[in-house]
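Here the structure is laid out as structure tokens; the discussion comes afterwards.
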Amino acid sequence: MAFCKNCGSPVEGQFCGKCGTPLAAGPAPGGYAPPQPPPAQPYQQQQPYGNQPQYGAAPQAAPVAAGGLEPNVAGLLCYVVGFITGIVFLAIAPYNQNKFVRFHAWQSIFLNIAWFAFWILEMIVSTVLLTISFAFSALLGLLSLVISLAFLVLWVMLMVKAYQGQKWVLPIIGPLAEKQA
């Protein structure tokens with residue numbers, strides 16, 4: 001079996017199925033070999049907001065130090081204990097230089113600050129509504145439960161996307177995290 005000289009993958013036929021490089025069959029009769037075009041680079045789409053599909057090859061991460069974590073595992077761990085692990089990964093030397101890990105650390109910090117602010121606001125409104133009517137307070141409690149479950153699902157999805165090596169940019173918090181990273 002022949003292997004591609006460009007990417008090293010096995011080649012069946014005259015062209016590489018992975019990068020499209022023609023299989024070199026040696027020089028043509030007469031000693032002339034036509035020049036080979038450079039391999040086509042895959043298209044990389046930027047992801048400004050939300051969960052959009054990625055095209056092309058995944059970006060190459062910085063090499064991991066011996067005994068260190070892969071960037072996708074470090075990105076997942078940024079979300080585990082909220083802003084605490086986000087701050088920890090911004091302080092640890094090999095990870096604070098990786099743009100992928102820094103993005104997830106900042107997004108974790110901003111998301112947890114927003115959640116904490118929402119929680120304080122909900123407590124204040126609940127206390128005020130409890131003095132007015134128990135029914136209003138109960139409705140706010142149900143709404144708070146639904147929002148808490150949505151936050152839990154969002155938190156798990158962010159951890160899954162980070163482990164898959166993807167940047168899932170949240171609508172308001174994500175651009176702030178990208179600026180900080």
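FYI, the numbering just counts along the sequence from 1.
- Side-chain N or O atoms of Y95 include one that pairs as donor or acceptor with a backbone N or O of L69 at under 3.5 Å.
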What side-chain donor-acceptor pairs closer than 3.5 Å can you find for residues 71-83, not counting sequence neighbours?
residue : atom : partner : partner atom : Å
N72     : ND2  : Y163    : O            : 2.8
Y79     : OH   : H104    : ND1          : 2.8
Y79     : OH   : Q107    : NE2          : 3.1

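- Of all the heavy atoms in G86 and A105, the pair that sits closest is O-CB, 3.4 Å.
- A single hydrophobic cluster is seen to contain both M157 and I147, as judged by linkage of ILVMFWY side chains at heavy-atom distances under 4.5 Å, directly or through other members.
- Under the 4.5 Å side-chain heavy-atom criterion for Ile, Leu, Val, Met, Phe, Trp and Tyr, L90 and I113 are members of the same hydrophobic cluster.
- Residues M123 and I120 are members of one and the same hydrophobic cluster, defined by side-chain heavy-atom contacts under 4.5 angstrom among Ile, Leu, Val, Met, Phe, Trp and Tyr.
- Under the side-chain contact (heavy atoms from CB on, under 4.5 Å) test applied with F110, the options I172, L170, L176 reduce to a single match, L176.
- Using a 4.5 Å cut-off between side-chain heavy atoms of Ile, Leu, Val, Met, Phe, Trp and Tyr, L139 forms no hydrophobic cluster with any other residue.
- To the nearest 0.5 Å, atom CD1 of residue I132 and atom OG1 of residue T127 are 11.5 Å apart.
- Shortest non-hydrogen contact noted between G174 and F103 is O-CE1, 3.7 Å.
- Side-chain atoms of F89 and N98, non-hydrogen and from C-beta on, never get closer than 4.5 Å to each other.
- For F118, the ring pair (Phe, Tyr, Trp, His ring centres under 6.0 Å) partners two or more places apart in sequence, or in a different chain, are W115.
- Atom CG of residue N112 and atom CH2 of residue W155 lie 9.0 Å apart, to the nearest 0.5 angstrom.
- If you chain together hydrophobic residues whose side chains sit under 4.5 Å apart, L111 and L152 fall into the same group.
- Here the closest heavy-atom approach between residue Q180 and residue R102 is recorded as O-NH2, 2.7 Å.
- In the hydrophobic clustering of ILVMFWY residues, with side-chain heavy atoms under 4.5 Å counting as a link, I173 and V160 come out together.
- With hydrogens and angles ignored, the 3.5 Å screen pairs no side-chain donor or acceptor of S144 with any backbone N or O of L140.
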